[in-house]
Amino acid sequence: MSIMVLDILNLPSLTGAEERNNMRNRINYAEPYKIKMVEAIELKPAEYREKAIAEAGFNLFNLKAEDVYIDLLTDSGTGAMSNRQWASVFLGDESYAGAASYFKVKDAIKDIFGYNYLVLSHQGRAAENILMGSLVKPGQRVLNNMHFDTTEGHVLMNEALPVNLLRDEGFDTEFDAPFKGNMDLEKLEAELKVGAENGTVPFVMMTVTCNSNGGQPVSMKNIREAAEITHKYGLKFFFDAARYAENCYFIQQREKGYEDKSIKEIATEMFSYGDGATMSAKKDAIVNIGGFVAIKNDEDLYNMCTQRQIQYEGFRTYGGLAGRDMEAIAAGLYEGLNDDYLEDRIGQVKYLGDKLNEIGIPLQIPFGGHGVFINAKKLLPDIEQKYFPAQALTIELYKAGGIRGVELGTCAFGHTDSATGEEYYPELELVRLAIPRRVYTDRHMDVIVNTFADIVKNKSRIHKLKLVYAPTIMRHFTARFEEIV
Ligand code: F0G
């Protein structure tokens, strides 16, 4: 013990760059925060977990959170707010009209995004409802690198078609490339040549980072070029900005010319290419609730969006949020841009990914910003897609370690064709372990890795699944299964 301490004391002094590199690789490193408040979690006994998951219809969404030990269902609204954010909560101005807290968010968005108009909403999908409801007409095609499921849902609800223009490599979980969220610009141009002319494309959207293919980033070059093409055809270019700060971090780390720029500078450049954004503040603004549409300078669009906002969310200056929520967003938008915070967050995802990789778990590479994605088809080759291998893995993860992940495979993205009765199977069969922001330590990550080691040794105990209930859209939230034993 004393020798170890001495070794540390004898470390040569490091340059700033070396220290940062150590941070990235978690050498002589700990989380850049200390814990002021704790929330107890408990690993319920194995027999209890068996019963709980059966009662939940083998769907992790139906579990009580208190029955979960490490909750990696989502990184959305599950982050830990800082002491500064909590302090700001007390400054919340709860006025119906003209609240000071609203102007703080508006100023932050003007400062970071460079956008003049703010349409607040209670979360990201509500912002999508406002934007899509204002702009999308039946029969149109909405273009995106890859729609998130609620985004896709809103396109469909407006009787339009969501079109994903991700480059082919973005679908290949084993292809190592720095920006697998990039849009295929040739496909974009081909769509616009037809769609801009005849009015069948309302706008183009870029999701940063691209959640649906694993939190993969989009390069600044791709964003700039996609926006240029979109503008050439006279259409607007929007961001789905839920994880924009994580995207900017990857640009700083991976794209030439950005290594010495601050995350904020990168963000401001990125948003300068667009005309607006929707954002779920529950991600990179590190708050438990909130979202918005931000619009660069189209006042007519702002007024149109406001109509729907007032109808569905609330008046312009609160949009479904309490003043205290708006305060937390204004503070969180800046915290989400902090270098140490992002280095730690994305470093923790990498830490988990590297350790899972060491024990042979097939993962999507490179690791995304907000979590690791496990290739369940590869890990469980004996379970055919019709028996829901990724869902089966999430069940086992809960049974083995009280860990809750989420299935992104046949349950989430498959469907039965209503005309032919034929089953459609998605290409990817993934389990996402989304890491909440500032919530778990590397020790929790170690427990996850140990649980996987146990699962690998005992694969034969994993059961195939049969779907016994499914709604027509977004079935993974409420589907129910039985185990085939
Ligand atoms: N866009 C993206 C890229 C998202 O990841 C999400 C939510 C939304 C929009 C919708 O935002 O939840 O505030 O209504 N993603 C969460 C997830 C739910 O778990 O990935 P919301």
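This structure is a prediction, so every number in the text was calculated from the model and none was measured. As the structure lists them, so they are numbered: ligands from 1, and atoms in each ligand from 1.
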Task: Candidate pair Val372 and Leu356, rule side chain to side chain contact (heavy atoms under 4.5 Å, CB included), full reasoning - done: CA-CA 9 Å; Val372 298; Leu356 288 174; 3.9 Å; yes
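Taking the centre of each ring, Phe481 and Phe388 come in below the 6.0 Å mark. Here Tyr273 and Phe237 keep their ring centres 6.0 angstrom or further from each other.
Nearest to atom 10 (C) of ligand 1 among the protein's heavy atoms is Thr150 OG1, 3.5 Å. If you check which protein heavy atom lies closest to atom 13 (O) of ligand 1, you get Ser280 OG, 2.6 Å. Among all protein heavy atoms, the one lying closest to atom 8 (C) of ligand 1 is Phe148 CD2, 3.5 Å. Nearest to atom 7 (C) of ligand 1 among the protein's heavy atoms is Lys283 NZ, 2.5 Å.
Residues forming a ring pair (Phe, Tyr, Trp, His ring centres under 6.0 Å) with Phe271 (at least two apart in sequence, or on another chain): Phe113, Tyr115, Phe239, Tyr244. Take Tyr424 and apply the ring pair (Phe, Tyr, Trp, His ring centres under 6.0 Å) test, not counting sequence neighbours, and it matches His415.
By the 6.0 Å and 45° rule, Lys106 does not stack over the aromatic ring of Phe103.
Under a cut-off of 6.0 angstrom, the local environment of CZ in Arg224 is crowded, with over 12 non-hydrogen atoms contributed by other residues, nucleotides or ligands.
Close N/O approach between Thr207 and ligand 1 is not found [any backbone or side-chain N/O within under 3.5 Å]. The shortest N or O to N or O distance between Asp240 and ligand 1 is below 3.5 Å. The shortest N/O to N/O separation between Arg432 and ligand 1 falls below 3.5 Å.
With a 4.0 Å cut-off on non-hydrogen atoms, His147 does not touch ligand 1 at all.
When the heavy-atom distances from atom 5 (O) of ligand 1 to Asp149, Asn144, Leu73, Asn211 are ranked, the shortest goes to Asn211. Nearest to atom 9 (C) of ligand 1 by heavy atom, out of His122, Glu128, Arg125, Arg243, is Glu128.
Inspection of the Thr150 and Glu128 side chains reveals an N or O donor paired with an N or O acceptor under 3.5 Å.
Remark: ligand 1 atoms within the under-4.0 Å shell around heavy atoms of Lys282 are 13 (O).
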